[in-house]
Amino acid sequence: MSDASDASDAVSAPSTVFSRVAASAAWKRLNRLMPALAAAVILLMGFVLIAVTPAGHIPDVWAHTYRIDGIVNGDVLARPVDSTSILHSGSGNVGGCVSRDWIQFSIDHYDGYDPAAVNADFLERYGMGSTAAGSGTNSTSTANTNACVDTPYNNAAVNSPVAYLPQLAAFAIGAASTLTSGTTYVLAEVIMLLVYAGCMFAAVAALPRWRLPMALLLVSPPLIFRYSFAISADSMAQALCLLFACLLFSCMADPRAGNGRLAALMTVGVLMGMSKFTFTPLLLLGFLALIPCHSAARHPLPRLTAPRIAIVAAGNIIGFAFLAAWMKLTGWFTTTPSIVSYEAMTAKKSQLFADPFGAHGLFGAIASIARAIITGQSNLDSRMQTLVILSLWAVLAVLLIVLIVATAKRVFSARMGWFWWYACAVATGIILLTYLALWLQYTPADATGVDGVQFRYFLPLSGIFMLCACECVAGLRRRASHASHTSHTTPRDSSTASESTAVPSVADAARA
C-alpha cells in the first residue's frame, strides 16, 4: 500500500509542477495583454454609451459646447457679454462668440437637463446684430451677425483650451468640412473616446505590477459613463490624471524607470494641470521620484543626476507658472454669477483670513466643508449622489486606516512609505480644495454646508488611491505570511531566516 502511494505521489508531482508552470505562463500572457484588453472594453462600452446618451445629457455640456466653439471663433479668453442663458440669467456674464448653428442645436435638444443652455428666444433677442440695443463694447459685430452671437458660459470659461484639445479638433474638422452640428457633436465624442482609451492603454502598460486591479478600476462603469467621451473639460482631465498616477507609480516602483519615463510623467502632469488647475499640486510628487531606490537587482539604477532634477523642476515651473498666469487672466469673474456674484465671492475670500472666526472666515469655511462631508451634501440634494459621496469618503477612511497599519508594520521602504503618505495627502487635499472652490463660487452666503458637490470630482484621483490600497494589502499579507512561516520553524531555522531576510518587500508580495 505504501509503495502504491509513493508511486502515485511520484506521478502527481510532475503534473503539479507542469500545471503551475502553465498557469504562470498564462498569467504572464494575460498581464501583457491587459492594456489592450482594458482599452478594448473602454472602447466597446464607450461606443454603446455614445449611442444611448441623448445630446445634452452631460452636466454643463452646453456651456462646454459654447466654450469650445467660442475658442474656434477666436475667443480663447472669455470676455464680458450682455446676453443671458437659463443658468446665467443675471449680470456679470462672460463668454464668447458662438456659431448660430450650435446655439440652435442646443435649443433644439434642450429638455430641461442642463440649464447652461440658452433660452429658446435667444437668437431673436440677441442675434440681430448687437447684444444690447446696439450699445456697449460687448456687442456682436455686424460682420459676424450671420456667423456667431455673443453667448454666456461662465462655468466653462475658466477652462483652458488644453482641456478641450480632442473636441477642438472635432469642431475644427466640422467647421472646415461644413458638417452639421449633430454630426460634429458625435465626432467630438468619438475623438474624445479614442484619446481616452489611448490614455488608459498607456496607463495600464506603464505599471510594473497591479495591472489587473487597475484595469478593473478603469473599465468600471462610474469612470467610463459620460467622462470617457463627454464634450467636457472633465474628460481630458480625468484621462490625464489617471495616466499621471500610473506613470508616477511606475517611476517610484520600477527601478528601471529612466529619464524618458520621468519626462513623460512631467509632460502628462503639465497637460493635466492645464486641463484642470486644481490638479497642479500633483506635480510636486515628481520630486519624490528623484529619490534613488535601492535594489539587489543587477541592472543599474537611475541616480540623482542634473538632467533628472531639471526634468522635474521644469515640469513644476511650467505647471505652476501656467496656473498663476491663467488664474490672473480668469480671476475677474465667477462661474455662476446668478448664484454667487463676483462681489460676494470677493467678500468671502477677503474674510477668510481677515475674520477667520467669522461665519465666512477660515474656520467658518472649514465647518461648512466638514458639514458637507459628514452629511454627504450633493448637488441639488440628489439622494443617489449623496449615497455615493458618503461611500467614497468611507472608502478613503478605510484606506487611511490600512495605510496606518501598513506603516506601523513597516511593509514599505522608507522611500515608498513617504511617497504613499504624500500622494494620498495631496490627492485628498485636491478634493478638499474642490469643496473650498464650490463654497466660494457656488454656495450663497446664507446657505449651510457646500452646494454643488458631485461624486465625479473623486474619480480622476481614484488611480492613486487604488494603487496605494494594492500596495498596503499586499504588504500586509506578505508580512502575515512571513510571520506565520517563522512561527512554524525551528529556532535554528528561524535564526537562519532572520539572517537571510528582513522586512519583505511589496514587490515580493506582488510577485507572490
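Throughout, residue positions are numbered sequentially from 1 according to the sequence presented.
- To the nearest 0.5 Å, the span separating CG on Leu271 from CG on Leu165 amounts to 7.5 Å.
- Panel note: side chain Ser350, backbone Ala347; a donor-acceptor pair is recorded below 3.5 Å.
- Phe363 meets the ring pair (Phe, Tyr, Trp, His ring centres under 6.0 Å) test with Phe357; sequence neighbours excluded.
- Counting heavy atoms from C-beta on, the side chains of Arg100 and Val149 come closer than 4.5 Å.
- Between Leu265 and Leu262 there is a side-chain heavy-atom pair separated by less than 4.5 Å.
- If you take CZ on Arg371 and OG1 on Thr448, they are separated by 4.5 Å, rounding to the nearest 0.5 Å.
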Open item on the list: Does Thr183 form a side chain to side chain donor-acceptor pair (under 3.5 Å) with Thr180? I'd like the steps, not just the answer.
Closed with: CA-CA 5 Å; Thr183 303; Thr180 65; 2.9 Å; yes

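- For Phe277, the ring pair (Phe, Tyr, Trp, His ring centres under 6.0 Å) test picks out no residue, with sequence neighbours left out.
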- Message: Using the rule given for side chain to side chain contact (heavy atoms under 4.5 Å, CB included), can you reason through Leu179 versus Leu187, listing the C-alpha separation, both sets of side-chain angles and the distance that settles it, and then say yes or no?
- Response: CA-CA 10 Å; Leu179 300 178; Leu187 178 63; 4.2 Å; yes

*asked:* Set out, in order, the CA-CA distance, both residues' side-chain angles and the distance that settles side chain to side chain donor-acceptor pair (under 3.5 Å) for Ser378 and Thr386, then state yes or no.
replied: CA-CA 5 Å; Ser378 63; Thr386 294; 3.0 Å; yes

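- Gln377 and Asp451 share a side-chain donor-acceptor pair at under 3.5 Å.
- A side-chain donor-acceptor contact under 3.5 Å links Arg211 to the backbone of Val204.
- In this structure, the side chains of Val453 and Asn379 stay at 4.5 Å or more apart for every pair of heavy atoms.
- Scanning all heavy atoms of the two residues, the minimum distance from Ala237 to Lys276 falls at CB-CB, 3.8 Å.
- Side chains of Ser250 and Arg261: a donor on one and an acceptor on the other come within 3.5 Å.
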Which donor-acceptor pairs under 3.5 Å do side chains of residues 422-438 form with protein atoms, sequence neighbours excluded?
unit_1 : atom_1 : unit_2 : atom_2 : d
Thr428 : OG1    : Cys424 : O      : 2.8
Thr434 : OG1    : Ile430 : O      : 3.0
Tyr435 : OH     : Trp393 : NE1    : 3.2

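- The structure places SG of Cys199 at 10.0 Å from CG of Leu247, a figure rounded to the nearest 0.5 Å.
- For residues 149-173, the set of pairs meeting the ring pair (Phe, Tyr, Trp, His ring centres under 6.0 Å) definition, not counting sequence neighbours, comprises His64-Tyr164, Trp102-Phe171.
- For the salt bridge (charged side-chain N to carboxylate O under 4.0 Å, His left out) condition, no pair includes a residue of residues 390-402, sequence neighbours left out.
- Looking at Ser106, its side chain does come within 3.5 Å of a backbone N or O of Ile103 through a donor-acceptor pair.
- Side-chain contact between Trp62 and Ser85 is absent, with no heavy atoms from C-beta onward closer than 4.5 Å.
- Counting only residues at least two apart or in different chains, ring pair (Phe, Tyr, Trp, His ring centres under 6.0 Å) contacts with residues 313-343 comprise Phe322-Trp326.
- Qualifying ring pair (Phe, Tyr, Trp, His ring centres under 6.0 Å) partners for His109, counting only residues two or more places apart in sequence or in other chains: Phe105.
- Scanning all heavy atoms of the two residues, the minimum distance from Ser368 to Val450 falls at O-CG2, 3.8 Å.
- In this structure, the side chains of Gln238 and Leu223 come closer than 4.5 Å at one or more pairs of heavy atoms.
- Taking 4.5 Å as the limit, some side-chain heavy atom of Arg209 sits within range of a side-chain heavy atom of Phe249.
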* Asked: Are Arg79 and Asp150 close enough, and set up right, to give a salt bridge (Lys or Arg N to Asp or Glu O under 4.0 Å), and what steps lead you there?
  -> CA-CA 9 Å; Arg79 52 187 174 79; Asp150 282 358; 2.7 Å; yes

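- The minimum heavy-atom distance between Met274 and Ile318, with the atom names listed, is CE-CG2, 4.3 Å.
- The backbone N or O of Pro59 sits nowhere less than 3.5 Å from a side-chain atom of Asp114 that would complete a donor-acceptor pair.
- With values rounded to the nearest 0.5 angstrom, Phe229 atom CZ is found 13.0 Å from Leu194 atom CG.
- Between His88 and the choices Thr335, Asn155, Thr151, the side-chain hydrogen bond (donor to acceptor under 3.5 Å, both in side chains) rule is met once, by Asn155.
- To the nearest 0.5 Å, atoms CG (Leu87) and CG (Asp60) are separated by 7.5 Å.
- Listed for the Gln167 side chain is no donor-acceptor partner under 3.5 Å among the backbone atoms of Ala233.
- Take Phe47 and apply the ring pair (Phe, Tyr, Trp, His ring centres under 6.0 Å) test, not counting sequence neighbours, and it matches no residue.
- Across every non-hydrogen atom of Met236 and Val195, the tightest pair is SD-CG1, 4.2 Å.
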Contacts table for residues 455-467: side-chain donor-acceptor under 3.5 angstrom, sequence neighbours left out:
unit_1 : atom_1 : unit_2 : atom_2 : d
Arg456 : NE     : Tyr227 : OH     : 3.4
Arg456 : NE     : Gln454 : OE1    : 2.9
Arg456 : NH1    : Asp234 : OD2    : 2.1
Ser462 : OG     : Leu459 : O      : 2.7

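- Heavy-atom minimum distance, Thr84 versus Pro152: C-CG, 3.7 Å.
- The salt bridge (charged side-chain N to carboxylate O under 4.0 Å, His left out) pairs that include a residue from residues 332-353 number zero, where partners must be two or more places apart or lie in different chains.
- For Leu282 against Cys241, the heavy-atom pair with the smallest separation is CD1-SG, 4.0 Å.
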**Asked** When you look at Val94 and Val81, which way does the side chain to side chain contact (heavy atoms under 4.5 Å, CB included) test go after all the steps?
**Response** CA-CA 5 Å; Val94 300; Val81 297; 5.6 Å; no

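- Looking at heavy atoms from C-beta onward, Leu400 lies out of side-chain contact with Leu396 at the 4.5 angstrom threshold.
- Residue pairs meeting the side chain to side chain donor-acceptor pair (under 3.5 Å) criterion with at least one member in residues 262-272: none, sequence neighbours excluded.
- A search for side chain to side chain donor-acceptor pair (under 3.5 Å) contacts involving Asn73 returns Asp69, Ser99, not counting sequence neighbours.
- Side-chain contact between Ile231 and Glu189 is present, with at least one heavy-atom pair separated by less than 4.5 Å.
- Side-chain atoms of Asn93 come within 3.5 Å of backbone atoms of Gly90 as a donor-acceptor pair (strictly under, hydrogens ignored).
- To the nearest 0.5 Å, atom CD of residue Gln441 and atom OG1 of residue Thr443 are 10.0 Å apart.
- Within the 3.5 Å criterion, the main-chain N or O of His57 finds no donor-acceptor partner in the side chain of Asp111.
- Not a single donor-acceptor pair under 3.5 Å links the side chain of Ser83 to the backbone N or O of Tyr126.
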